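Order of appearance sets the numbers: ligands from 1, and atoms from 1 within every ligand. These numbers were taken from a predicted model, which means no experiment stands behind them.
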Amino acid sequence: MNSEDKLNPTDSMNLWVSERSNDNFSMAFRVNKVLFSQQSQFQRVEIIDTIGYGKMLLNDGLVMISEKDEWIYHEMITHVPLLTHKQPKRVLVVGGGDGGTVREVLKHPYVEKCVLCEIDEVVVEACKKHIPQTASVLTEEKQRLEIKFEDAVSYVKATSEVFDVIIIDSSDPVGPAAPLFNEAFYADCSARLNTGGIIVSQAESPFIYADMQESLCRILKKRFKKLAIYNFTNMTYPNGLWSFTFASNDTSLDPATCFDEKRFFSLCLDCQYYSPAIHRASFCLPPFQKTRLKAYLS
Ligand code: SPD
């Protein structure tokens, strides 16, 4: 038997993992091997090696990241607010236990402290072991990173720390992440922002979760004078187009235009999706989304 005759184990297994969005649509990925599967105190945590998308993290069956394109989401959730803020020194990342957002935050040398508040230690430990592409920073960074295994709702309520940028890198609004989409949580977050502070949140898809996106905008609009939404496209999340909200009480901030392009080039950020042109373009919303959200955007 020569090497080409060898059986690929997946040919015989033909195993797929799928994320079902609703009764009529699901997305499926071909599995090579299940690397990790454990019921934590909060959710089922799984890491699966797929044939086409590399390793994937799933929480309660929902795909959080894949190695193939995690950098798109992580660059956009991070560099848009950090380059819009004039001098971000203190950053809070809520959720984000895979480490991808922290990796991007710490590319900014003037960030003195990054707090990662992740409820589920199992996610962090599993990612450190199996997905170093995002999580090696969680092992290696000793100086500027503080990891708290804590419910972020309780953390932002109790802490006296203040931040220049808060990034809500949550999973979907079900299970342990559901309270991260509530008004009470954003009220506490706004109290933890320095003057001129920015809060960015993962805001689901304008195609299939438009109601949820509108509900998040309604909540943010009550707390923040400036609210915008920006989009990116990706391969891993259902339907491709996905959004982040951008909120601040600094009304002079127009995130689509007032960001530090020179800083981007001087830092030589090693980006594969984010660029100043993409930054500007990401705030151009398609009419169906703009019409739906126009009452909230400012
Ligand atoms: N359906 C996935 C929604 C986005 C989840 N957040 C991913 C966390 C990546 N750090």
- [ ] Taking only Lys NZ, Arg NE, NH1 and NH2, and the carboxylate oxygens of Asp or Glu, determine whether R292 and E214 approach each other closer than 4.0 Å.
- [x] yes
- [ ] Report all protein residues having a heavy-atom distance below 4.0 Å to some atom of ligand 1; order the list by chain, then number.
- [x] V63, M64, I65, Y73, H74, D98, D169, S170, S171, D172, Q202, Y237, W242
Open item on the list: What I want to check is whether the side chains of T236 and D69 have a donor and an acceptor closer together than 3.5 Å.
Closed with: yes
- [ ] May I ask you to establish whether R223 and Y186 are in a cation-pi arrangement, using a distance under 6.0 Å from NZ or CZ to the six-membered ring centre and at most 45° from the ring axis?
- [x] no
Open item on the list: Could you tell me if E204 and Q202 have a donor-acceptor pair between their side chains, going purely by distance under 3.5 Å?
Closed with: yes
TODO: Decide whether Y230 and Y296 are clustered together by the hydrophobic rule: side chain heavy atoms of Ile, Leu, Val, Met, Phe, Trp, Tyr closer than 4.5 Å, transitively.
DONE: yes
TODO: Under 4.5 Å between side-chain heavy atoms, chaining through other members, with only Ile, Leu, Val, Met, Phe, Trp and Tyr counted: pull out the rest of the cluster around F42, sorted by chain and number.
DONE: I119
